[in-house]
Amino acid sequence: MVYEIIVDGKPHRLELEKADGLWECRIDGREIKVDAVIPRRDVISMLVDGHSYEIKREQTPTDLHLWVGSTRHAVELRDPRSLQSRRAATGDEKGPKKLVAPMPGRIVRVLVEEKSEVEAGQGIVVVEAMKMQNEIKSPKKGTVQKILATPGAAVNAGDVLAIVE
Amino acid sequence: MVYEIIVDGKPHRLELEKADGLWECRIDGREIKVDAVIPRRDVISMLVDGHSYEIKREQTPTDLHLWVGSTRHAVELRDPRSLQSRRAATGDEKGPKKLVAPMPGRIVRVLVEEKSEVEAGQGIVVVEAMKMQNEIKSPKKGTVQKILATPGAAVNAGDVLAIVE
Amino acid sequence: MFKKILIANRGEIAVRVIRACRELEIATVAVYSDADRAALHVRKADEAYHIGPAPATESYLRMDKILDVAKRSGAEAIHPGYGFLSENSRFAQACADADVKFIGPTPYSMEMMGSKTRARQEMEKAGVPFVPGTSRGLSSPEEGEEVAERVGYPVMLKAAAGGGGKGMRLVHTREELRSALESAQSEAQRSFGDSEVYIEKAIVNPRHIEMQVLADEHGNTVWLGERECSIQRRHQKVLEESPSPIVDPEMRRRMGEVAVKVARAANYTNAGTVEFLVDQHKNFYFLEMNTRLQVEHPVTELITGLDLVHLQIRIANGEKLPFIQEDVRIRGHAIECRIYAEDPDNNYFPSPGKITVLLQPSGPGIRRDSGMYEGWNVPMDYDPLLAKLLSYGTDRQQAIQRLQRALYEYFVAGIKTNISLFQRILRDADFQAGKLDTGYLDRLLANKDNGGPLQAPESMVAAIAAGLFAVLDPASAANRNGNATGMDTLRSNWKHRGRSEALR
Amino acid sequence: MFKKILIANRGEIAVRVIRACRELEIATVAVYSDADRAALHVRKADEAYHIGPAPATESYLRMDKILDVAKRSGAEAIHPGYGFLSENSRFAQACADADVKFIGPTPYSMEMMGSKTRARQEMEKAGVPFVPGTSRGLSSPEEGEEVAERVGYPVMLKAAAGGGGKGMRLVHTREELRSALESAQSEAQRSFGDSEVYIEKAIVNPRHIEMQVLADEHGNTVWLGERECSIQRRHQKVLEESPSPIVDPEMRRRMGEVAVKVARAANYTNAGTVEFLVDQHKNFYFLEMNTRLQVEHPVTELITGLDLVHLQIRIANGEKLPFIQEDVRIRGHAIECRIYAEDPDNNYFPSPGKITVLLQPSGPGIRRDSGMYEGWNVPMDYDPLLAKLLSYGTDRQQAIQRLQRALYEYFVAGIKTNISLFQRILRDADFQAGKLDTGYLDRLLANKDNGGPLQAPESMVAAIAAGLFAVLDPASAANRNGNATGMDTLRSNWKHRGRSEALR
């Protein structure tokens, strides 16, 4: 198996092959033998050259993170044969940006009007959750194309609140 | 849904119907409303008339037990429409009995020979597990029809060690 | 002894009280809102009753519904926990009227301590040391200027009915005073429906140290040692410990005696906490009294070996304290971390949602009081306290070491928590040296997090693990490709922004 | 301080030592057999090396392989835990020869205490109180008869190299003595390769109480309080507590001083335990010294506030004890339950296998040292200790209450455990009154278990739950019908038999 794996923004090429109960890994040109077991869902125990690593997986609908010890690494996994993941990977850096709710909550206030100009970091919508009011800020300088948030409405994590062009 | 459920040897007839988010249960002629959620696999939280019960499920390949508090109840569940379970339920009480390994281990000794007469409770095979030697005893008075255990061999829980007729 | 107690709360504190009741063979009655049917306190109680929709104002703050459940279930007493109705004297009165024992002080004591100015007046009479200032609301800007002149700038304006930093203003010069007073008064009016504002000398970089007291209904009052609570964010305590690194036995005795004096002056009964501000010369000043069990009560339990909830229940049951002051034996050191559902990388935004993985620490010196479990959906409607992780050690250093070890074992996925914040605090040199004040945490967070010792090969290890997860657990791998569209980019952008803001 | 320590053990004690090392910022090296690749100690260590097949003789008892791993990994010290090589003086010597620090006493001390008769000779010289009898093996049946006459019947014959009840015989009359001696000698020869047998006055219904000692390498030795270990099944301890219900401060001091005398006479260093038999008049007699960390060391940690493993490591590192005898402060009460993989309903047959559900207790006063996790396959190759559950309380009653509460929360499915045995012990009137001796548990188990308070509607609740599980979680319901053939009947028959046998 061959994977392209991006860890904290840095790409690695990984080849995996099973031999004699171990995994032979070729990564970034190095060859490493790994003894791996999954003791429980979302936890993998790897022995590499005597070193024991326990890696925990945090999977949300949108992100994948792996924890090595107490350090969290953002991970993207691409199977080079898959067109779909390749397309996703090229996600446009320019153009309209969506402002999404970072947590479930309730819309308290909308701070700007549609078509208004905003600065990067300017508050756009206030979402209340867990007794705290949280200002959701514009990801970029631009124009507020559309506001989808309505005061009083409940939102889920990932719901689009506004679009800034 | 209708079930025939045997708890610690005592049969109950249970009818379940969902209404208004609650379960209407008719059991042994009584009507009971139950609010049930499964907070995690093998655990059910039931609210019955204000009482909060947390029941834990222990499922082995051969048995089903439910724990109410710290009390363990042997449970058999039969769907009356299923012929198979009905047949299983009539399991023969007489005739040959199998002597099975109660835990995985290693056969240390066989204490009797085939065709010998044994008393109920007489030791037939010794299985070692967890640094302890455990005598597996005859479930009934009778003749040892067959011995399937070989000293030195590993056995799994449920493996048949001998048959007593 | 009571046969049945209703717990008018939720989360970890409800679980903690339920455990105490089970230990004392008292049946427990839980109450729950729509958001909490599957909550741990409902699962653990002997009985549980629904009291309304998710918003607290329609459920956990509804005195009528809670008293109705008490009546229906036959509960003889109510433990209010902390927050919600715990410091509401009207609720304590309503319990008394309904002939249900309120496990806490009397409405009289609660009212006296509920108003900061009235408390100050009463405590001054009793000879309790105060930060210099007025003990009643300012009647005019001129009076404010006069008092400020007398005690010396900087001064602090505070709302009499206040809490949580609302209606507070720090004033450095006479020129600022008048407008600060106006804005504090109007904020106090908006927040509490009461514009009364008083003035105090501002203590620069104070410590926040509190003293636990316990009083039975027969006139016996004892103190049980202090808790250092200086580590706060937005006036919310984050980490507490006992003993305080600066309190020696002599100072502890003096603070304890003042705390007992405060409790006596208020005719106080049951468990309570007297909060002090401590300046750089170790002078301590009465701040307020919390008329309930504190979130951080377990650190006192660990260093004294007592169970405060057991004792609360026994006191409410009319029993005498089973020990006197001289019997209290403080030994070792304890530290508490409040595990919140919030995102340290994202300006501490709250983070409700489903807990997908939960690995919990245990072992020597570790106590965990938790209201969460794997698979639970943390509701967005309540405060974000998920659990409390405590360590006990022979000395402060060992308590720190054990807590670091336990935090290393703690893992929560699906929602964000502030576990990494504690790892940062515990490895900080100032914290380890005990150099703390209420500005400590803001200063720490103003510095860039170096993230602790970084290991180079970790990124490669993560890459290999990602591949092996995909091979060995393909079901989850499929799931991974599910929703992964352009939102990845959006989310992570938004995150980086949040992160850089937090570091400003 | 050491930079890296190898832990030559597995299970909960390996995890416990790994935690101590992490707290002290010492890297850890685990070793594991084929059966333990997925064991918790392998997951938690910084490094882990395979040392052979499942049988202990081919892995955890292989000194050569373990020392080889120490060399390869660069470990500077080895912690042996308990069991396996922990009391093997040849291993301690081999470590010294390989220039690896053995965390424990010297081979000299271990050897002296390894032979019961030699230990007795040395300790008699030092003036340690002994059960009357011979301090060396019997040379003839006549000598046996003579000594028995002198000390008075009943007498106990014991193998010098003994342990675990092998080679032991209780003799009530002169007539029985000769044949009992012959059979004890031949059993001792078979079990230990050494037929030496000595004779002692039999103490009827003794208590088994032990004293923890700690000695540094600079001549400082302290005692840390006793542990009551009378609750045993087949000479295996099951539940331990401290303080002992019958030991007062004066008796504790006397036992402690004798224990220190024992340690000094053996030139003892590091942690050790001096075991005593205590008769009905509270006379105590030296029994033996265990030259290692005990399974039950945490009860001492809870009542003293010390960490014995930290201290073991510091002592091995050449440090002086950081306190003197007068600094040791015993407070509160602690009880330990040894959670074994065994079936209380089935004659305590061992119960290895896969843990399908695991709900673990926590909260106030609870310490859990565990080597298991949900999904783990408990191997059949090692002893059945899965975890230790401890409670601490202000007093014995509260410790019992908290432990009962925690046991109520503890749930293990897939394998059998002895959790219900502890619930039975803790609600027993004799236990609650502290009426204990080494025959206590056999007497308790000889009575029919009333199963505690039985609630009538429970069976109906179970029936409803069974139906709802089937509806709400049909995947598991399908699984249920899988293997269910005639074996159901067979198994349950076999079970009932086992149960009635256990009750004889």
Side-chain angles (χ1 to χ4, degrees), chain C residues 12 15-16 18-25 43-44 297-298 301-311 322-323 327 329-334 359-370 373-374 387-395 397-406 408-409, chain D residues 12 15-16 18-25 43-44 297-298 301-311 322-323 327 329-334 359-370 373-374 387-395 397-406 408-409:
Chain C
E12 70 84 20
V15 172
R16 195 259 172 272
I18 288 169
R19 283 176 164 153
C21 290
R22 178 165 285 279
E23 288 159 13
L24 297 172
E25 295 185 67
R43 294 172 53 191
K44 286 204 180 284
H297 74 277
E301 295 184 325
L302 288 172
I303 59 145
T304 60
L306 300 171
D307 189 308
L308 291 178
V309 178
H310 281 211
L311 290 164
F323 55 84
D327 295 333
R329 294 162 72 191
I330 289 171
R331 191 193 64 191
H333 198 97
L359 306 177
Q360 303 188 101
S362 61
I366 296 306
R367 169 172 166 180
R368 186 164 43 75
D369 279 26
S370 171
Y373 61 87
E374 189 173 296
K388 298 181 312 205
L389 181 69
L390 291 107
S391 73
Y392 172 85
T394 310
D395 51 28
Q397 190 196 0
Q398 191 181 72
I400 293 173
Q401 292 167 334
R402 283 175 158 179
L403 197 46
Q404 286 178 310
R405 187 271 296 167
Y408 181 82
E409 293 179 357
Chain D
E12 69 84 20
V15 172
R16 194 259 172 273
I18 288 169
R19 282 175 165 153
C21 290
R22 177 165 286 280
E23 287 159 14
L24 296 172
E25 296 184 68
R43 294 172 53 191
K44 285 204 179 289
H297 74 277
E301 295 184 325
L302 287 172
I303 59 146
T304 60
L306 300 171
D307 189 309
L308 291 178
V309 179
H310 281 210
L311 290 164
F323 55 84
D327 295 333
R329 294 161 73 190
I330 289 171
R331 192 193 65 190
H333 198 97
L359 306 176
Q360 302 188 101
S362 60
I366 297 305
R367 169 172 166 180
R368 186 164 45 75
D369 279 27
S370 172
Y373 61 88
E374 190 172 297
K388 299 182 311 206
L389 181 69
L390 291 107
S391 74
Y392 172 87
T394 310
D395 51 28
Q397 191 197 0
Q398 191 181 72
I400 293 172
Q401 293 168 333
R402 283 176 157 178
L403 197 45
Q404 287 178 310
R405 188 271 295 166
Y408 182 82
E409 294 179 357

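Below, chain A is the first sequence line, B the second, and so on; all start at residue 1. Hydrogens, waters and symmetry mates are skipped; everything else that's a heavy atom, side chains included, is used.
Residue with the most contacts toward chain D among Asp307(C), Leu24(C), Leu306(C), Val15(C): Asp307(C) (heavy-atom pairs, distance under 4.5 Å). Ranked by heavy-atom pairs shorter than 4.5 Å toward chain C, the options Asp395(D), Leu390(D), Asp369(D) are led by Asp369(D). Interface check for chain D: of the options Ser362(C), Ser370(C), Ala406(C), the most heavy-atom pairs under 4.5 Å are formed by Ser362(C). Of the listed residues (Gly332(D), Gly363(D), Gly393(D)), the one with the most heavy-atom contacts under 4.5 Å to chain C is Gly363(D).
Looking at Pro364(C), both its backbone and its side chain come within 4.5 Å of chain D, counting heavy atoms on both sides. Heavy atoms closer than 4.5 Å to chain D are found in the side chain of Arg16(C), but not in its backbone. Interface residue Gln398(C): only side-chain heavy atoms are found under 4.5 Å from chain D. At a 4.5 Å heavy-atom cutoff, the contact between Leu302(C) and chain D is made by backbone atoms alone. Heavy-atom distances place the backbone of Ile303(C), and not its side chain, under 4.5 Å from chain D. Contact of Lys44(C) with chain D is made through the side chain alone, with heavy-atom distances under 4.5 Å. Neither the backbone nor the side chain of Tyr373(C) comes within less than 4.5 Å of any heavy atom of chain D. Of the atoms belonging to Glu12(C), not a single heavy atom falls under 4.5 Å from chain D. Interface residue Ile366(C): only backbone heavy atoms are found under 4.5 Å from chain D.
Side-chain contact between Thr394(D) and His310(C) is absent, with no heavy-atom pair separated by less than 4.5 Å. Residues Arg368(C) and Pro361(D) fail the side-chain proximity criterion, which asks for heavy atoms closer than 4.5 Å.
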- Message: Test side-chain contact (heavy atoms from CB on, under 4.5 Å) on Glu409(C) and Arg19(D); report intermediate values, then the result.
- Response: CA-CA 10 Å; Glu409(C) 293 179 357; Arg19(D) 282 175 165 153; 2.7 Å; yes
- Hey, mind stepping through Gln401(C) and Arg22(D) against side-chain contact (heavy atoms from CB on, under 4.5 Å) and telling me if it holds? CA-CA 8 Å; Gln401(C) 292 167 334; Arg22(D) 177 165 286 280; over 6 Å; no
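Residues Arg331(C) and Arg329(D) come closest through the heavy atom pair NH1-O, 2.9 Å.
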